Each structure stands twice: as structure tokens, then as C-alpha cells.
Amino acid sequence: MTEVRVRFPPSPTGYLHIGSARTALLNWLWARKNNGKLVLRIEDTDEERSTQQSIDGILDGLEWLGLDWDEGPYFQTEFADEHCKAAEQLLAAGHAYKCFCTKEELERKREAAMAAKQDEVGYDGTCRHLSPEQIEEKERQGIPYVIRFKVPERQGKVAYEDKVLGTIERAYSDVEDFVIVRSNGKPLYLLCNVVDDIRDRITHILRGQDHLSNTTRQVLLYEALGAPQPVFAHMPLTLDLQKRKISKRSHGEIVAVQFYRDKGFIPWALCNFLALLGWNPGTEQEIFSREELIDAFSLERISKVNSVFNHQKDDPKFFTDPKLISINAQYLHALPIDELAAMVKHDFIKQGLWDEVYESERKDWFLATLALIRDRFHTVCDFATRGRAYFADDYEVEEAPLKKNILKYPDLKTWLPLLAERFAALPEFSKESAEESTRALAEELEIKPGVLINGMRTVLTGQLAGPGMFDILLTLGRETVVQRLQNVEHLYKA
Ligand code: GLU
């Protein structure tokens, strides 16, 4: 059987968009599923817009996502000679011709065709029938020319089978003789892309439906170049709730892979989410390990309709698609604790929260604390923000618990220091003894224990909710607890 060979050919003109990452992922899945090869090709022919920074961003992004490739990166510009040779080959074989029509002439003809309400406003084929002598004469005069592909004059339709969309066909007569080489001698992207795919022996082309309009013309190029046609599978686009393409301009950073890296997402969780964005397992299953996804993936289950990226700009809960947040949280809660610790370490270093003892004398404490607090967290960054009180004294007290649990009870100003005294005096500071003295004090003060417990939670962690209160006390340790409970006053001053 022929080896499955797919490719990911990004144009390095910006950041790695999550839509491109999804394309890379689905190609990667198809390669891995079939023990095939994934070729990475940087399509850098647009010299003005391609940048090294973008190339680095794409490579880093793929690496971070864990999408490894088997060949490349190749660079399209390195094959410029081959692209030109292919154009010459097409010319020599009569599949293409030189077109000397000027821009102005073409524009005039187009306007006339539009005014006459002709359906066909494409190129009218003027230069298609020039004699060799006429061509020679024009060349001698130095008239610039483009090279156009000669669409066969056949009845019927040019057709191909798309694995996602089914049969796609277009009447030959509807395809204009399209340009393959510009007047400056540069082959067009449409041709370069096919030449590269032929050279790289690509068997399957999985790409977004935004390329659908190119495919009929590319199918004609394959035929003219005498190369077998690859299998095409055009994936749906990812749109927002208003059915607009998602872009940095309209949606901000959330469309870039880098954003998820910075925000503490787990790379495979993002892949898991991206796979479901336009591919349907046919079951209720939402969480897929790498192996499960490779196993379950099929081209037939890629959806035909555009997928929706649910982003509601002004709602912080929707800082990105909530389904992605939820999938990431599920991974975060289930990750082996050592793996999680490595990610948290990385973020703590960035935040200036890292302490070497977390890998030596306090390693057990560090791992146990991560395990204790992760249940309510969604991203790795939550440990340094919402979990900050476990690792530093300069944490913020959130407004909701401050109002609800502290400011509402001015007497806590004296009650909590009193509780601190009791804790300090305990012969042994345990979950049981701490709970007992909290309840005893509440009884003496004739208040509900919840007032002390909620007040204590707010003062000690800054959060409204979290792990069991008495687990928190032990994790923080008596000294920190006592010291924080003694210093509640400042909360009333703000
Ligand atoms: N370089 C193209 C892009 O980034 C990819 C074209 C293709 O997949 O054929 O959109």
C-alpha cells in the first residue's frame, strides 16, 4: 500500500492561528493513524509578508502542542527553480500559453462583459490562439506577458471527490484560463503549491474550506503535469457566534496559540478541543488521550458545516470558548501530579513565585498543596493567581468574599485574633483540634461557626471557595494561620 503522506504548509505571515493549528492537528492525526508521514513546509513565497519571527512562532507553537513532523521544515522559496520549470513544462506541452493582454485591456473587457450582463467575466482567451509568429513578434517588442493555464476545451465537468464534501464539480467552461506565472516571471502560489505537493508525494490534502476555490484549478494542474491526484478533504471554517471568521483584529489574542501557552493551558487539552471543533466522534465522548484520538479520527467524520467558536467578549467567564476552559480544567484535575508540578514551576518562575525548596525539603508539601487546590482551577496560571495565598503573603482578597464574609461582620476584627490565640495555644495543631477550638469559640461568642469559618477562609486564602477549611489550616501551617488571623484589621480599612 502507498504510504500516507500529508503536509502542513503554513504561510509565515503572522502568528500561529488556532484554525491553522487545527489543520496541523488533523493532518498529524491522519499521519499517525496510518503510520504515515507529516511534511512541514513553510510557504514563504510572499517575500514581503513572510517573516522569520512568524516562522519561529509557528515552529514553537507546533512543538508546544506536541505536533511533531517527520520531514522538513522545507521552505517553498528553495524550490523556485522547480516552480519555473513546471511552468515551462506546461508551456512546452501546450497546457499553458503566454498572454500579452495588458491590465487596462483586461479591465476594459471585464467592464464590457459586466455591462452586457454576461455570466462569464473571466479571461476571454484572446492570446490563446496567437500564432508562434505573433508570439515571437510580441516578445521581440518586449511586451510583458503572464503565463496562463489553458483550461481544456472539453464538454462536461472537472470533478473530484472530497472526503468531507462529496463530489465537487465545475463545468470546464466555467473555469477561466488562470494565470500561473506573473509578468515578473514569478510563478503563482496556486502552481507552487501543486508542484511542491507532487515533489513531496503528498497523498492527502486536508485543509480549510477557504482553499476550496483553488482546488478545481489545482486538479487541472495535476492532470496537466501528469501526476496522480491526491485525496482532498476540506475542513469547515471556524466562525464566531455572529458567523464571522475568527481573527486577531476582531477577537484579539484568543485566536493565537501563543495566548493559550501564556494563559496556562495544557497543550494536549487545546488539541483535544481543536479536534472537536469541526470533527465529530459520533459518541458523547469529549476527552480523548492522544492514542484514543488517533484511533477514533476519520476523515468521514469531519463535519461539513462551519464550527462555532463560542466567545463572548465582555464576559470574563468566556475569556475564551468555555468548552475549551472546561476541557482544560478536566485535564488539569487529572494530570499526574509531577507533570502538573513541572508546569506550575514554569509559571511560578515567570511570576517570581518559585522557591527551590519546592523541589527539595518542601517537595511533598508542594505536591500535596497542588493536589489539594487544583479542583477548582481551570488553568495552570490559577495556581499563581487564585492559589497565591498558599505560596506568598502578598495575595489579593477578592471583593465578593470580602463583602460577604468580612465587612458584614465588623466583630471579626476581634474574633479572628481571638481564634488565632486559641490556635497558638493548642498543644497540637491538627484538623480535629483546630475544628474543636473554632466550634468552641463560636459557642462562647454565641455565633454560628460558619461566621468564623467563612471569615477565616477569606482572610487566609482571599477566595470565596476552596478546599475544606481545616485542610487549608494544616496546609498553611500554624504560624502563617496565626499571623494572618491576627492581622485582619487592614481589611476593614481599604
Ligand atoms: N499556505 C497556505 C495557507 O497557509 C496553505 C495552502 C494549502 O493548504 O494548500 O493557507
Side-chain angles (χ1 to χ4, degrees), residues 4-31 36-59 61-62 65 67 69 71-80 82-83 86 160 162-165 168 178 180 186-222 225 227 229-239 245-248 255-257 274 278 299 302 306:
V4 166
R5 293 175 61 85
V6 291
R7 62 353 172 233
F8 176 54
S11 304
T13 54
Y15 54 96
L16 181 58
H17 189 285
I18 52 173
S20 303
R22 186 189 61 167
T23 302
L25 169 68
L26 300 198
N27 278 288
W28 179 87
L29 286 170
W30 193 240
K37 295 277 188 302
L38 172 62
V39 177
L40 176 61
R41 183 172 71 230
I42 306 290
E43 298 205 318
D44 56 346
T45 28
D46 185 340
E47 279 164 27
E48 266 164 39
R49 295 179 59 222
S50 300
T51 65
Q52 186 58 41
Q53 193 190 6
S54 170
I55 295 172
D56 295 343
I58 290 168
L59 300 184
L62 291 176
L65 287 166
L67 302 179
W69 55 92
E71 284 180 27
Y74 299 132
F75 291 85
Q76 192 160 54
T77 41
E78 287 173 8
F79 301 100
E82 280 186 26
H83 306 144
Y160 64 92
D162 188 286
K163 277 281 179 198
V164 178
L165 302 170
I168 306 274
F178 53 94
I180 53 173
K186 288 222 156 101
L188 260 91
Y189 167 73
L190 200 75
L191 173 67
C192 305
N193 187 249
V194 169
V195 170
D196 292 342
D197 282 338
I198 294 173
R199 183 196 56 252
D200 293 336
R201 293 176 286 120
I202 299 304
T203 57
H204 293 74
I205 294 185
L206 279 62
R207 62 184 176 191
Q209 284 181 19
D210 45 339
H211 291 289
L212 201 55
S213 61
N214 292 335
T215 313
T216 320
R217 289 175 287 167
Q218 293 193 317
V219 164
L220 292 173
L221 286 171
Y222 276 99
L225 289 166
Q229 200 189 101
V231 173
F232 288 97
H234 286 93
M235 298 178 274
L237 303 179
T238 300
L239 306 178
K245 260 187 168 182
I246 52 167
S247 68
K248 238 188 197 174
V255 303
V257 167
L274 290 176
L299 300 185
I302 293 177
N306 292 331

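Just follow the structure's listing: the first ligand is 1, and inside any ligand the first atom is 1. Hydrogens, waters and symmetry mates play no part in the numbers below; they use all other heavy atoms, side chains included. Only a predicted model underlies this, so the values are computations on that prediction, with no experimental measurement involved.
- Distances between N or O atoms of I205 and those of ligand 1 include no value under 3.5 Å.
- The heavy atom nearest to atom 10 (O) of ligand 1, out of those in E43, Q218, H211, H17, is found in H211.
- In the model, R207 has a side-chain atom that pairs as donor or acceptor with a side-chain atom of T215 under 3.5 Å.
- Note: E78 CD to D44 CG = 7.5 Å, rounded to the nearest 0.5 Å.
- At a 4.0 Å heavy-atom cut-off, ligand 1 touches P10 through the backbone alone.
- A donor and an acceptor atom, one from each side chain of H204 and N27, are nowhere located under 3.5 Å apart.
- At a threshold of 4.5 Å between non-hydrogen side-chain atoms, the residues T45 and S11 do not count as touching.
- At the top of the distance list for atom 3 (C) of ligand 1, counting protein heavy atoms only, stands S11 OG, 3.6 Å.
- Within 6.0 Å of the CD atom in Q229, the count of heavy atoms belonging to other residues, nucleotides or ligands exceeds 12.
- Nearest protein neighbour of atom 2 (C) of ligand 1, counting heavy atoms only, is Y189 OH, 3.2 Å.
- Proximity annotation for atom 7 (C) of ligand 1: of R7, Q76, H234, R7 comes nearest, heavy atoms only.
- Using a 4.5 Å heavy-atom cutoff, the side chains of K245 and L237 are in contact.
- Which parts of ligand 1 touch R207 is read off a 4.0 Å heavy-atom cut-off, strictly below it: atoms 7 (C), 8 (O), 9 (O).
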